Amino acid sequence: MVVDQLIEWLGSLLSWGPGSPLIFLTAVLIAGIPIFLLMAINALVSVYAELKISAFMQDRVGPMGQGPGLHAGKWGVLQTLADALKLLSKEDIIPEFADRKLFIIAPFVIFIAPFIALAALPFNQNLLISDLNIGVFYILAVGSIGVIGIILAGWSSNNKWSLFGAMRSAAQIVSYEIPVGLSIVSVIMLTGTLSMQGIISYQEGTILGILPNWIIFNNPFSFIAFFIFFISGVAEVNRTPFDIPEAESELVAGFHTEYSGMRWSFFFLSEYANMLIVSGVAAVGFLGGWHSPISGFLESPGWGLFWFFFKIGALIFVMMWFRWTFPRLRVDQLMNICWKVLIPIALLNIFGVGIWTLLKG
Amino acid sequence: MNPENILNILRERFPRSVVEMEEMPDNYIPLLPDNWFEIATLLQENPDLQFDSLQCVTGIDLAEDLLEVRYNLHSMVHLHKIEIRISVPKDKPKIPSVEKIWRVGDWFERETYDMYGIVFDGHRDHRRILLPDDWEGWPLRKDYETQETYHGIVVPKVKEEWE
Amino acid sequence: MGIVHGEEMVLNIGPQHPSTHGVLRLKVHTDGEVVSKIIPYIGYLHRCFEKHCENLSYEQIIPFTDRCDYIGSMNNNFGYVVAVEEMMDIQVSEKVEHIRVIMAELNRIASHLLALGTFGMDVGAFTPFLYMFRDRERILDLFEITCGARLLYNYMWVGGLSHDLPVGFVEKVYKFLDYFEPQLKEYNDLLMYNKIFIERTADVGVLPPEVAVNYGVTGPNLRASGIKWDLRKNESYSIYDSFSFEVPVGKGQMGTIGDCWDRYWVRAEEMKESIGIVRQALKTLPVEGDVHEAMPKKIRPPKGSIYKRTESPRGDLGFYIISDGSPSPTRVKLRSPAFTALGALSAIAEGWMISDVIAILGSLDIVLGEIDR
């Protein structure tokens, strides 16, 4: 939507006509800025949240901003900013025998995937970069670009440990794409449209007058589909219990062992952005997007924004909760769960949702 | 079974390997190194002895140019224990290895070799364990002098008294 | 269908690595993820303990024994002191015996907490590590008020102790035990009975009992393989035979007998038993008495040798001491339980995947200070 509006506005401003490719380019570039800002702010807030949540779960206090020198704000709120400044000022080390070009490209490729996926995520009734009519499909497709970046990073580091991490990660992400896709199919079967706003508008109203008409409450099969989607989403993002590619105690740091400074922070940034996207798609597909839980009440655009970020925040909190509770799965157990457990259940789900829709009429 | 009976069994089967003294000690059995591997097999496999656990292998630098290795054996089945002592001359310290019989002996014998220079015949992985492979000398011998430098790093001397 | 073999890859785990429990280098030959050969390289922490002992007097060796197994220092002291006292035929008072048992068992709890916490961290569970360390801090506080040190105590001397118990110690220990006992249930819920943890550790790294005895594995590792052997009961020393406690033996509850889960479970159960022993010891602790009364003026054991082994948290810790009548021993050899456990690593871990090797290494509970001395 935003891009369309920008194209119209720019077209009226400069008299080149709305069909001009230059106007399209400018509009897209301008629209990219809020996405980048969103990713940066998301990283800032998520990292601080992770520090504090992990601390409270582990019976500590986390960063409190105390100590000599420049303080990191009351209760450590400026901690992430301090970390970012520290990373910017670090020495940029590229190992001597690393493949230079690929080593430099890898963080960018990883960064691009969530960046362009955010273009289709609807934050609000009106706030949306572009309401693609293949919205969900686009996000899932574009999200897999990250795998290329990971493999590039692992290979170009010229380090056996990074290679291990990269190979494991490639296997994991590519495998878990399938349950993600299959569980979204159950959503699409109900809504009949791939567009994100379309899926959200299907979830208007209530079931039996009390529960909001979200797809998760629609029928038992889509209820299960939500959990399959969420678990596979956690595996896509490489979070514990699926964080084998960056398993700290086994592979030092996996595929990003050799990266330092700002290059490493790109990996970090994109991990949190991926979490945002997975939670976003889960919220849109299953939890009603920007609709409020009490249908008809608090439905204004401002509240819509609030509800959307509230749902995303809750899901990201759950992801962080997982990380600090569960041990790590071994690689073959991970693949086992994907191929022998999640995919059969997801297929059964599709079947079940189909039958349910047929019987309901 | 008390040590005397064990000694008698060994005397019966390997009469020339037991070092005869006027008063045989009551807590250990001194042996010659020659048939040690066969004796060890007997100690492990004989149903009355069944020493299935080698607890400790200690190397010692006795005076008079002798090195000694002391094996402490224990049986989990019969709950008896015995100590075997084998002395070798310092200029030709060779003892048959028993690591094939008690697998724990693998690392114990490597450590004794590392510290004393006693060569264990038949050990399949005969190299130093605690010190780097290119270290010179056998540290726990009484006449050990540290080397001056190791790869260019000056090696500090062992302190005799409180210096 | 044949198996496709790729090229063999040689990896180095350590000496600097987030998971090794000390400075240890493991050279691992892998075919893909499966390990075909493991060769441990030790000696990075060798501090010539045995050579030093030949120049020191018997009392001066005690702080050195602390630093060998720095996690279970009280037990190291205990083992050494019991050996020397047996050589010299010294009988210590009841009070000293009780305090020694209390300190040794508290140290056993602290050591097991560390072992289990780091094991969990190796497998990826970060939170139990912090919870266990929080509780371990309370034990270290107890030690600190007694002898002033948190980790390396130099507490048990030949014939007695270095310091008597401070005022209020017994109440503090009771308070700690009452707080700690329900925590064990929390740890079990969080980690031991967690499905993912069970998947990672059950049936992994099985150590059959005969292999364990042949490789000289002792302590909780041996008990997890099904052999009921505890030196506190079988070759009892000090006053352990006057306390009643169970010896937990691995039963293969979640998988096979002798797998990593059993090694975890045995340590968790041992903590419970240690709490029981401390409670019994506190009840019968004599109030009167001087801890320095049986200490000899000069420590000159008669000529001879002794091999004495005691139960440290890692297994049976043996001291072979040879004396020639002078104030300084001719030879002191420390037979460390972690040395033999690490020697058995290649027998246990070959054929498993790299993640399993890390889990097995964590379950063996090794301390490099003791291995290298």
Side-chain angles (χ1 to χ4, degrees), chain A residues 50-51 53-62 154 158-172 231 234-235 238-254 256-257 320-337 340-341, chain C residues 6-7 9-14 16-21 26 28 30 32-34 117-135 137 183 186 189-204 260 264 352-359 361-362:
Chain A
E50 174 123 54
L51 289 169
I53 292 174
S54 70
F56 289 136
M57 285 185 185
Q58 291 168 354
D59 205 9
R60 328 176 261 129
V61 281
N158 194 33
N159 179 346
K160 283 176 195 152
W161 293 112
S162 308
L163 193 61
F164 251 127
M167 291 300 128
R168 284 170 168 181
S169 173
Q172 177 182 325
I231 296 174
V234 170
N238 288 339
R239 295 280 294 181
T240 320
F242 304 104
D243 71 344
I244 267 280
E246 41 181 69
E248 239 176 50
S249 27
E250 290 170 34
L251 303 175
V252 187
H256 53 77
T257 314
M320 293 184 178
W321 197 355
F322 280 1
R323 180 172 187 192
W324 303 111
T325 316
F326 295 128
R328 193 177 298 131
L329 281 170
R330 206 172 60 194
V331 155
D332 63 330
Q333 292 164 349
L334 208 140
M335 302 302 266
N336 221 355
I337 290 184
K340 293 194 194 164
V341 176
Chain C
E7 228 178 67
M9 203 151 97
V10 176
L11 281 175
N12 242 338
I13 303 183
Q16 292 138 322
H17 192 91
S19 99
T20 59
H21 299 252
L26 289 175
V28 173
T30 69
E33 282 265 347
V34 175
T118 48
F119 184 25
M121 204 161 73
D122 286 342
V123 180
F126 303 104
T127 318
F129 172 71
L130 286 149
Y131 290 170
M132 291 183 185
F133 261 64
R134 171 196 63 195
D135 295 329
E137 280 303 308
Q183 295 292 90
E186 186 184 88
D189 288 337
L190 184 57
L191 191 57
M192 191 153 72
Y193 292 109
N194 182 316
K195 186 76 172 62
I196 300 182
F197 184 74
I198 295 175
E199 296 244 325
R200 276 304 289 272
T201 53
D203 284 325
V204 169
C260 292
Y264 185 100
W352 296 96
M353 292 198 260
I354 295 186
S355 321
D356 297 324
V357 168
I358 308 283
L361 195 62

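On a predicted model such as this, the values are computed, not experimentally measured, just so you know. Computed from heavy atoms alone, side chains included, the values below leave out hydrogens, waters and symmetry copies. Reminder, nothing fancy here: chain letters follow the sequence lines and each chain counts from 1.
- Between the CZ atom in A:F326 and the CG atom in C:L191 there is a gap of 12.0 Å [rounded to 0.5 Å].
- Annotation: the span from C:T127 atom OG1 to A:W321 atom CH2 amounts to 12.0 Å, rounded to 0.5 Å.
- For C:Y131, the part lying under 4.5 angstrom from a heavy atom of chain A is the side chain only.
- Residue A:W324 holds its CH2 atom at 13.0 Å from CG of C:L190, rounded to the nearest 0.5 Å.
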- Message: Between C:F126 and A:R328, is the side-chain contact (heavy atoms from CB on, under 4.5 Å) condition met? List the steps.
- Response: CA-CA 10 Å; C:F126 303 104; A:R328 193 177 298 131; 3.8 Å; yes

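- Within the 4.5 angstrom heavy-atom criterion, atoms from both the backbone and the side chain of A:Q58 approach chain C.
- At a 4.5 Å heavy-atom cutoff, the contact between A:T325 and chain C is made by backbone and side-chain atoms alike.
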- Message: For A:V331 and C:M353: C-alpha separation, side-chain torsions, deciding distance, then whether side-chain contact (heavy atoms from CB on, under 4.5 Å) applies.
- Response: CA-CA 9 Å; A:V331 155; C:M353 292 198 260; 5.5 Å; no

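- Of all the heavy atoms in C:R200 and A:R330, the pair that sits closest is CD-N, 3.6 Å.
- Atom CD of residue C:E199 and atom CG of residue A:D332 lie 9.5 Å apart, to the nearest 0.5 angstrom.
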- Candidate pair C:S355 and A:Q333, rule side-chain contact (heavy atoms from CB on, under 4.5 Å), full reasoning: CA-CA 11 Å; C:S355 321; A:Q333 292 164 349; over 6 Å; no

